[in-house]
Amino acid sequence: MLINCDMGESYGIWEMGQDKTIMPFIDMANIACGMHASDPSVMLTTVRYAKEHGVRIGAHPGYPDLQGFGRRFIEMPAEELKAYVIYQLGALNGICQSEDVAISYVKPHGALYNAMMKKDDIYIALLEAIASYDIKLPLMIMAVPDHLHYTTLAERYGVELIFEAFVDRTYLANGRLTPRSLPGACHDDLEVICAQAMKLITDHSITSIDGEEVNIKADTLCIHGDGKLAADIAKTLRLRIIEYTESIICK
């Protein structure tokens, strides 16, 4: 199982996350592209961290919302949204080229990510933006029980999907994340987080916030880099995955 993390979300002298500490323990870095967070210097530094540790680089575009950290929905026409996404992909790709590395996937951030999973017109705009920029870039979306709808639309535009689940967030019985506006939306216990992660790996399921068992099959597990436990989660989860993999090989 691959571990991904939202990274490069500092801005100027304002620091967010623990990128340098987390990077050695993950496989995929979702790097902010300057709209919801980050700036050119932060992007360059984060790309260099990823290159140093052989971590795959993903573009992490969001709404133009630095004040709200990209967690506020912004209504805009599809063509405008596509332009914002393409602009962000180009910005990060330029920095990657300067370091002789490349973007290998796209994962929207925050409100844009949530809107993509709720509104087909926004999801389609993202698919069209990726297909027009570089059709070889997969789109990372939430692993949900009703994934066939998203897969069918993605196939129409020739875009591959990567399905992710979240280890530090709680779920509702419908297989969607508990909204951050509700109590208990985020886990704050390392053992609970790792238990949820291992359940996703071994059973392809989670236990929802109201006790329901929900089947979720993911390609990668996400850690939110701005969480206070992010570094501890990355280190501990990497160790647990190694131990689990070794136990399977030894059987």
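Positions are given from 1, in the same order as the sequence printed here. Since this is a predicted model, take the numbers as computed values, not measurements.
Taking each heavy atom of I135 and G158 in turn, the nearest pair found is CG1-O, 3.4 Å. The two residues I86 and S132 come nearest to each other via the heavy atoms CD1-OG, 3.6 Å. When all heavy atoms of A37 and A32 are compared, the closest pair comes out as O-CB, 3.8 Å. The two residues A230 and G225 have their closest heavy-atom pair at CB-O, 3.8 Å. In plain terms, the two heavy atoms of S41 and D39 that are nearest each other are N-OD1, 3.0 Å. For the pair S104 and L137, the tightest heavy-atom approach, listed with the atom from each and the gap, is C-CD2, 3.7 Å.
Considering only heavy atoms from C-beta on, M23 comes within 4.5 Å of T46 through its side chain. Under the 4.5 Å side-chain criterion, counting only non-hydrogen atoms from C-beta, C33 is not in contact with L89. Within the 4.5 Å cutoff, the side chain of Y105 has no heavy atoms near those of the L139 side chain. Within the 4.5 Å cutoff, side-chain heavy atoms of F163 are placed close to those of T151. Residues L239 and K235 have side chains not in contact (no heavy-atom distance under 4.5 Å, counting atoms from C-beta outward). By the 4.5 Å heavy-atom criterion applied to side chains, Y84 and P61 are not counted as neighbours. In this structure the side chain of L112 never reaches within 4.5 angstrom of the side chain of H36, judged on heavy atoms. With a 4.5 Å cut-off on side-chain heavy atoms, F69 and H109 count as touching.
Hydrophobic clustering (ILVMFWY, side-chain heavy atoms < 4.5 Å, transitive): I57 and F25 are in distinct clusters. When hydrophobic clusters are built by joining Ile, Leu, Val, Met, Phe, Trp and Tyr residues whose side-chain heavy atoms come closer than 4.5 Å, directly or via intermediates, V144 is grouped together with L126. Linking Ile, Leu, Val, Met, Phe, Trp and Tyr whenever their side-chain heavy atoms come within less than 4.5 Å leaves L177 and I209 in two separate clusters. Residues L221 and I22 are members of one and the same hydrophobic cluster, defined by side-chain heavy-atom contacts under 4.5 angstrom among Ile, Leu, Val, Met, Phe, Trp and Tyr. Grouping the Ile, Leu, Val, Met, Phe, Trp and Tyr side chains by contacts below 4.5 angstrom, directly or via other members, places M140 apart from Y63.
For E80, the CD atom is densely surrounded, since the number of other residues' heavy atoms within 6.0 Å is greater than 12. Heavy-atom neighbours of Y157 OH from other residues, nucleotides or ligands within 6.0 Å: above the threshold of 12.
Under a 3.5 Å cut-off, the side chain of R169 and the backbone N or O of T178 do form a donor-acceptor pair. No donor-acceptor pair under 3.5 Å is formed between the side chain of E99 and the backbone N or O of I95. No donor-acceptor distance shorter than 3.5 angstrom exists from the side chain of N30 to the backbone of H60, with no hydrogens or angles considered. Proximity of a side-chain donor or acceptor of Q88 to a complementary backbone N or O of G62 within less than 3.5 Å is detected. Of the possible donor and acceptor atoms, none in the side chain of T220 sits under 3.5 Å from a partner among the backbone N and O of E164. When atom types are taken as modelled, the side chain of T236 and the backbone of I233 share no donor-acceptor pair closer than 3.5 angstrom. Y123 places a side-chain N or O within donor-acceptor distance of the main-chain N or O of Y150, the cut-off being under 3.5 Å. With Y11 contributing its side chain and M16 its backbone, the two residues share no donor-acceptor pair below 3.5 Å.
A salt bridge between E243 and R240 is absent, with no side-chain N of the basic residue lying under 4.0 Å from a carboxylate O of the acidic one. Salt bridge R48/D19: absent, no basic N to carboxylate O contact under 4.0 Å.
Separating the CE atom in M116 from the CG atom in L81 is a distance of 11.0 Å, to the nearest 0.5 Å. Atom CD1 of I193 is separated from atom CG of D168 by 5.5 Å, given to the nearest 0.5 angstrom. Taken from CZ in R56 to CG in D27, the straight-line distance is 8.5 Å, to the nearest 0.5 Å. Distance check, rounded to the nearest 0.5 Å: CD1 of I74 to CG of D65 gives 5.0 Å. Rounded to the nearest 0.5 Å, atoms CG (L92) and CD (Q97) are 10.5 Å apart. In this structure, L44 CG and C96 SG are separated by 9.5 Å, a value rounded to the nearest 0.5 Å.
Figure legend: K107 and Y113 shown as a cation-pi pair, the cationic atom lying under 6.0 angstrom from the six-membered ring centre and within 45 degrees of its axis. Judged by the 6.0 Å distance and 45° axis criteria, K119 is positioned over the aromatic ring of F73.
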Note to self: Under the criterion side chain to side chain contact (heavy atoms under 4.5 Å, CB included), I'd like the reasoning laid out for H187 against L229: C-alpha separation, chi angles, the key distance, then a yes or no.
What the structure shows: CA-CA 10 Å; H187 289 306; L229 292 175; over 6 Å; no

Next item on the list: Start with the C-alpha gap between M28 and I162, add the side-chain angles, then the distance that decides, and say whether side chain to side chain contact (heavy atoms under 4.5 Å, CB included) holds.
Entry: CA-CA 12 Å; M28 308 167 79; I162 300 171; 4.2 Å; yes

Note to self: Applying side chain to side chain contact (heavy atoms under 4.5 Å, CB included) to T202 and Y244, what does each step give before you reach the verdict?
What the structure shows: CA-CA 9 Å; T202 59; Y244 173 70; 3.5 Å; yes

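Using a 30° and 60° split on the angle between ring planes, H224 and F166 fall in the parallel class, below 30°.
The side-chain contact (heavy atoms from CB on, under 4.5 Å) search around P179 returns L172, S181, L182, not counting sequence neighbours. Here D146 pairs with R176 under the side chain to side chain donor-acceptor pair (under 3.5 Å) rule; sequence neighbours left out.
Residue pairs that meet the salt bridge (charged side-chain N to carboxylate O under 4.0 Å, His left out) test with at least one member in residues 208-227, sequence neighbours left out, are R71-D226, K199-E213.
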